[in-house]
Colleague: 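Can you read through this structure? Questions will come right after.
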2 protein chains.
Amino acid sequence: MNSNEKPQWNGCPTRYAAGIVGDKWCFLLLRDVLLHGKRTYREFLASPEGISTNILANRLSKLETLGMLTREADPRKASSVCYFPTQKSKDFLPALVSMMVWATQYDEVTEAPASFAESFSNDPAGTIAWYEAEIDRVDQALRSS
Amino acid sequence: MNSNEKPQWNGCPTRYAAGIVGDKWCFLLLRDVLLHGKRTYREFLASPEGISTNILANRLSKLETLGMLTREADPRKASSVCYFPTQKSKDFLPALVSMMVWATQYDEVTEAPASFAESFSNDPAGTIAWYEAEIDRVDQALRSS
DNA sequence: TAAATTACTTGCAAATTGCAAGTGGAGAGA
DNA sequence: TCTCTCCACTTGCAATTTGCAAGTAATTTA
């Protein structure tokens, strides 16, 4: 891409992303699934931001419809439910981590250590891979229990 | 970061990002500023998503308060106003482009050519730098007019 | 001097949110 | 078996937010 070419299309992928992530609660649920290893309704409900139960039900169903989560029986307890991240949401990790790096730089009260941004800038692919491995570890453990 | 260390803090940068970008309209305004070279109220209002004028006023002021935009007189016409991206919002570009790459992969009706994701994966830093250069070109031209 | 442009503000109905309480089914304990 | 709790929601309702239409004040253009 050279500087004479100006892409005219570039609003569209952004609008697509805005439709999913341009909602505070969907955004935070993706965080909980991708970074915090949360998988159950109760766990999502317990997040410090305090999502209300009707909104949680609404957003979980939205994220399922959008192909970001799958709703499955909890292997530990058949009467219970788990929400697992799909490949589509796992593929969102690089974008999510990018946003974390940016936020870490500008949030004056960030709790993220400087080593996080550093580790990402030294080895972005490795940092993403580490998070992916964590997700797979959590889900494999859960599914085989 | 090795696999024994599990960061406990990582919700917070995400919550910070959610406070800014976890809103459809703020998200799309950042797209307009960072990728479409839009700078004026009229231009924002003309975006195909059809933001209403009261919401636009509200979000522009929010983004200004958050340090994402600066509100300045239009150098071409003193009675008019320009909104320029700050360094903080320019630094958001990598995250925005990451989301575009992801969306391009999953949006079945994406208008983005395959070459976009390809060019980003071949040379992420170069792709970001190209967008940054575009922004600076637009703003320098505007400011010196 | 009249009309248009620009960046908003205002009013109001409709949609969405947050809070509290309720529901139905499964499992555990007595 | 009967109750109790847990779980994943649903329901009702007041309050906030949104979208639409219209209005406004300060220029600027014709």
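Below, each value reflects all heavy atoms present in this structure, side chains not excepted, and no hydrogens, waters or symmetry copies.
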Colleague: Taking Ala112(B)'s backbone N and O only, do any of them form a donor-acceptor pair with Thr110(B)'s side chain (distance below 3.5 Å, no angle check)?
Modeller: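 Yes: the side chain of Thr110(B) pairs with the backbone of Ala112(B).
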Colleague: Could you tell me how far apart Asp74(B) (CG) and dC8(C) (P) are, to the nearest whole angstrom?
Modeller: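 Result: 12 Å.
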Colleague: Send over the distance from Glu43(B) CD to dT6(C) P, rounded to a whole Å.
Modeller: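 Whole-Å distance recorded here is 10 Å.
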Colleague: Hey, is CZ on Arg42(A) packed in by over 12 heavy atoms from elsewhere, all under 6.0 Å?
Modeller: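 Check fails, neighbour count at 12 or below.
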Colleague: So do Tyr16(B) and Val109(A) actually touch side chain to side chain, heavy atoms under 4.5 Å?
Modeller: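 Contact flag for Val109(A)/Tyr16(B) side chains = no.
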Colleague: Between N or O atoms, less than 3.5 Å apart, protein on one side and nucleotides 26-30 of chain C on the other: list the pairs.
Modeller:
none

Colleague: Looking only at side-chain N and O atoms, does Thr70(B) offer a donor or acceptor that is under 3.5 Å from a partner on Glu72(B)?
Modeller: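 Yes, because at least one side-chain N or O of Glu72(B) sits under 3.5 Å from a partner of the opposite role on Thr70(B).
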Colleague: Would you give the length of the straight line joining atom CG of Leu29(B) to atom CD1 of Ile51(B), rounded to the nearest 0.5 angstrom?
Modeller: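 It is 5.0 Å, given to the nearest 0.5 Å.
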Colleague: Test the Arg59(B)-Phe44(B) pair against the cation-pi criterion, namely NZ or CZ under 6.0 angstrom from the six-membered ring centroid and within 45° of the ring axis.
Modeller: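 Checked: cation-pi criterion not met.
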Colleague: Heavy atoms within less than 4.0 Å of DNA chain D: which residues of residues 56-69 of chain B have one? Give them sorted by number.
Modeller: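 Residues of residues 56-69 of chain B that come under 4.0 Å of DNA chain D are, in numerical order, Arg59(B).
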Colleague: Should Tyr83(B) be listed as having a side-chain N or O under 4.0 Å from OP1 or OP2 of dC8(C)?
Modeller: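 Checking dC8(C) against Tyr83(B), a side-chain N or O does come within under 4.0 Å of OP1 or OP2.
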Colleague: Please report the interatomic distance CH2(Trp25(B)) to CG(Leu60(B)), rounded to the nearest 0.5 Å.
Modeller: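 One gets 12.5 Å once the value is rounded to the nearest 0.5 Å.
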Colleague: Roughly how many Å is it from CG in Leu45(B) to C1' in dA7(C), rounded to a whole number?
Modeller: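 Going from CG in Leu45(B) over to C1' in dA7(C) covers 10 Å.
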Colleague: Using 0.5 Å steps for rounding, measure from the OG atom of Ser89(A) to the CZ atom of Phe84(A).
Modeller: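 Going from the OG atom of Ser89(A) to the CZ atom of Phe84(A) covers 12.0 Å.
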Colleague: Examine the side chains of Tyr41(A) and Thr53(A) and answer whether a donor and an acceptor come within less than 3.5 Å of each other.
Modeller: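 The criterion, which ignores hydrogens and geometry beyond distance, is satisfied for Thr53(A) and Tyr41(A).
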Colleague: In this structure, how many angstroms lie between the C1' atom of dC6(D) and the CZ atom of Arg76(A), rounded?
Modeller: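 Those two atoms, CZ and C1', are 14 Å apart.
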Colleague: If you round to the nearest 0.5 Å, how far is CG of Leu30(B) from CG of Leu69(B)?
Modeller: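 Leu69(B) CG to Leu30(B) CG: 6.5 Å, rounded to 0.5 Å.
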Colleague: Can you give me the N/O atom pairs linking the protein to nucleotides 18-24 of chain C at distances under 3.5 Å, or say none if there are none?
Modeller:
from	atom 1	to	atom 2	distance (Å)
dG18(C)	OP2	Trp25(A)	NE1	3.2
dG18(C)	N7	Asn54(A)	ND2	3.2
dC19(C)	N4	Asn54(A)	ND2	2.7

Colleague: Please lay out, stage by stage, how Cys82(A) and Arg76(A) fare under the test side-chain contact (heavy atoms from CB on, under 4.5 Å).
Modeller: CA-CA 10 Å; Cys82(A) 280; Arg76(A) 297 162 302 190; 4.1 Å; yes
